[in-house]
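Down below is the structure, laid out as structure tokens.
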Amino acid sequence: MKLSIAFSSLLALIPLATAQQGPWQQCGGIGWSGGTTCATGWICKYQNDWYSQCLQDTNPVTPPPSSSSSSSSVPPTSTTSSNPPTATGLHNVAVSKGKLYIGTATEMYKLNGDAPYAAIASDINEFGMITAENSMKWDATERTQGVWTFTGGDNLVNWAIANGQKLRGHTTVWHSQLPSWVSSGGFSAAALTSVIENHTTTLIDRYKGKILMGREPFNDDGTFRSSVFYTTLGTSYIATALHAARAADPAAKLYINDYNIDGLGAKSTAMANLVAQLKADNVPIDGIGIQGHLIVGAVPNNLQANFEQFAALGVEIAITELDIRMTLPVTPEKLAQQKADYKKVVAACKAVPACVGITVWEYTDKYSWVPGVFSSQGAALPWDDNLAKKPAYDGIVEGFN
Ligand code: G3I
């Protein structure tokens, strides 16, 4: 009996020790005991100390060896410079094509609690820009009037600076995640103007030198969204916030951003008209943020034309919250479509010089906001739940090529 068990165990181990890993599979990392070589045309690449992955060998320099393995392998626990973090990460590829950055949204509680996750988020080769997913929003910074909480934002700024990454502020004036003292405060127009000015000034002064933006002024049909700001002040709240922001930090890039303004349409036209009016009124505005919360297989075909209409207003543009979700479960076909969709978005940004950079809204499916809001949907990001790169990652790279 014992012999039998030992024999069975040995059989089970043999394939693990010699089998080639398939496309996108893990092939190394601390604690990994599986195969460390990849199928033909794929190469085992170091991602971080905890994860090496079979990725497409886009630059084969030598023909595959005649041995059973056609790919190089990476020792699972290697931390040496012979297997350095990828030299061609997303940020590097974007910069090589004249863009300023590829960024990701994140938060300190994830970075502090998940070392493998933090290793990728802090990799300057992958991400040159960090956005606070929630910790700079109104409900996080001024939950009670005049009582400020900067801990989350400050820690993230310091973390990004330590990594050599830039930081994108998010956000000054937004109808969501707004504390009730603002949304139900019953302020007069003058008092609410002062509340906006004070919040914007304090926030931007704190993070002087960073990019800040205000957000989501429109409904999907291009009419102005009803919020305490619009109801009390009409559209003037936008100019109020932008003027206060410019005064607090003349060097900060001021963006206005929204979702569903990716392709041409009523909402994009409304954004273009708003920005044209702001410029005509000498209100400071530097950029339009296209959030880019998209759906696999349904990415608009006229992205570039839309980006060009924004650029023609004399502002820069950025894709500020990119994710492309699918109906679960994940299938190879959906992943292939998602790759094509990411490529399409990136190619449109690449084609328009005014498009300065792209931020993904989290980089891994592990922490995406999507499943919590859209039931049965998810897998929207270029890294999966296990921090493995998906085909979407290559789609981004190919979009820049
Ligand atoms: O921190 C609390 C936690 O204490 C509590 O136990 C838990 C229970 O639900 O909630 C936690 O707060 C959540 C927060 O994310 C942090 O995880 C909020 O409920 C949740 O509403 C909040 O969602 C954020 C959402 O904005 C709010 O509108 C998402 O993380 C964030 O990704 C999402 O980001 C927005 C952009 O700011 C603007 N554009 C759209 C984008 C997606 O909705």
Side-chain angles (χ1 to χ4, degrees), residues 103-114 117-118 121 127 129-144 149-153 155-156 167-180 182-183 199-200 203 207 210-220 225-229 238 241 254-262 267-268 270-271 287-296 299 317-326 345 357-383 385:
T104 183
T106 186
E107 281 299 344
M108 273 329 290
Y109 75 90
K110 296 180 256 192
L111 297 166
N112 284 334
D114 187 339
Y117 165 82
F127 302 113
M129 172 75 83
I130 294 296
T131 301
E133 187 180 4
N134 287 302
S135 60
M136 291 186 188
K137 291 174 179 172
W138 203 314
D139 69 347
T141 52
E142 195 186 11
R143 184 175 281 277
T144 302
T149 307
F150 289 121
T151 324
N155 289 342
L156 196 61
L167 205 109
R168 183 179 194 91
H170 178 88
T171 180
T172 53
V173 177
W174 186 28
H175 67 276
S176 182
Q177 287 174 287
L178 191 60
S180 58
V182 184
S183 57
H199 182 79
T200 303
L203 192 64
Y207 299 117
K210 314 299 183 301
I211 298 174
L212 265 285
M213 58 183 178
R215 338 210 348 282
E216 292 181 11
F218 294 113
N219 297 311
D220 281 351
R225 180 190 290 279
S226 176
S227 66
V228 65
F229 304 120
I238 299 169
L254 305 180
Y255 271 66
I256 185 159
N257 112 351
D258 215 325
Y259 59 89
N260 287 351
I261 58 164
D262 318 286
K267 198 169 179 180
S268 297
M271 179 60 91
I288 297 175
I290 297 148
Q291 290 188 11
H293 294 297
L294 296 165
I295 298 171
V296 164
V299 173
I317 59 177
I319 300 168
T320 54
E321 303 181 20
L322 182 61
D323 50 26
I324 311 183
R325 61 185 183 268
M326 64 179 72
V345 174
I358 299 173
T359 299
V360 287
W361 203 239
E362 257 306 346
Y363 73 85
T364 159
D365 297 336
K366 185 174 185 180
Y367 294 123
S368 170
W369 67 286
V370 171
V373 173
F374 296 102
S375 74
S376 310
Q377 295 187 51
L381 293 162
W383 276 259
D385 285 324

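When a ligand or atom number is given, it counts from 1 through the structure's own listing order. Each residue takes its place number in the sequence, starting with 1.
Around atom 34 (O) of ligand 1, the closest heavy atom drawn from Phe374, Trp361, Tyr109, Trp174 belongs to Trp361. Heavy-atom proximity to atom 28 (O) of ligand 1, evaluated over Gln177, His293, Lys110, Glu216, is greatest for Gln177.
Atom numbering of ligand 1 starts at 1 in the shown order; those under 4.0 Å from a heavy atom of Ser176 are 28 (O). Here is the list of ligand 1 atoms found below 4.0 Å of a heavy atom in Gln291: 39 (N), 40 (C).
Using cut-offs of 30° and 60° on the angle between ring planes, the pair Trp361 and His293 is perpendicular. Below 30°, between 30° and 60°, or above 60°: for Phe374 and Trp369 the angle between ring planes is above 60°, a perpendicular geometry.
When each of Asp114, Asp385, Thr106 is tested with Tyr367 by the rule side chain to side chain donor-acceptor pair (under 3.5 Å), just one qualifies, namely Asp114.
Between Asp220 and Tyr259 the shortest side-chain heavy-atom distance falls below 4.5 Å. Residues Tyr117 and Thr364 meet the side-chain proximity criterion, which asks for heavy atoms closer than 4.5 Å. In this structure the side chain of Glu107 reaches within 4.5 angstrom of the side chain of Asn134, judged on heavy atoms.
Only the side chain of Lys137 comes within 4.0 Å of ligand 1, judged by heavy-atom distances. Looking at Asn134 against ligand 1, only its side chain comes within 4.0 Å, counting heavy atoms. The part of Glu321 lying near ligand 1 is the side chain, judged by heavy-atom distances below 4.0 Å. Residue contacts with ligand 1 for Tyr259 are absent, since no atom lies close enough (heavy atoms, distance under 4.0 Å).
Judged by the shortest distance from any of its heavy atoms, Glu107 lies outside the 4.0 Å radius around the atoms of ligand 1.
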task = In sequence, state the C-alpha distance, the side-chain angles, and the governing distance for Ile130 and Leu156, and then conclude on side-chain contact (heavy atoms from CB on, under 4.5 Å).
result = CA-CA 8 Å; Ile130 294 296; Leu156 196 61; 4.0 Å; yes

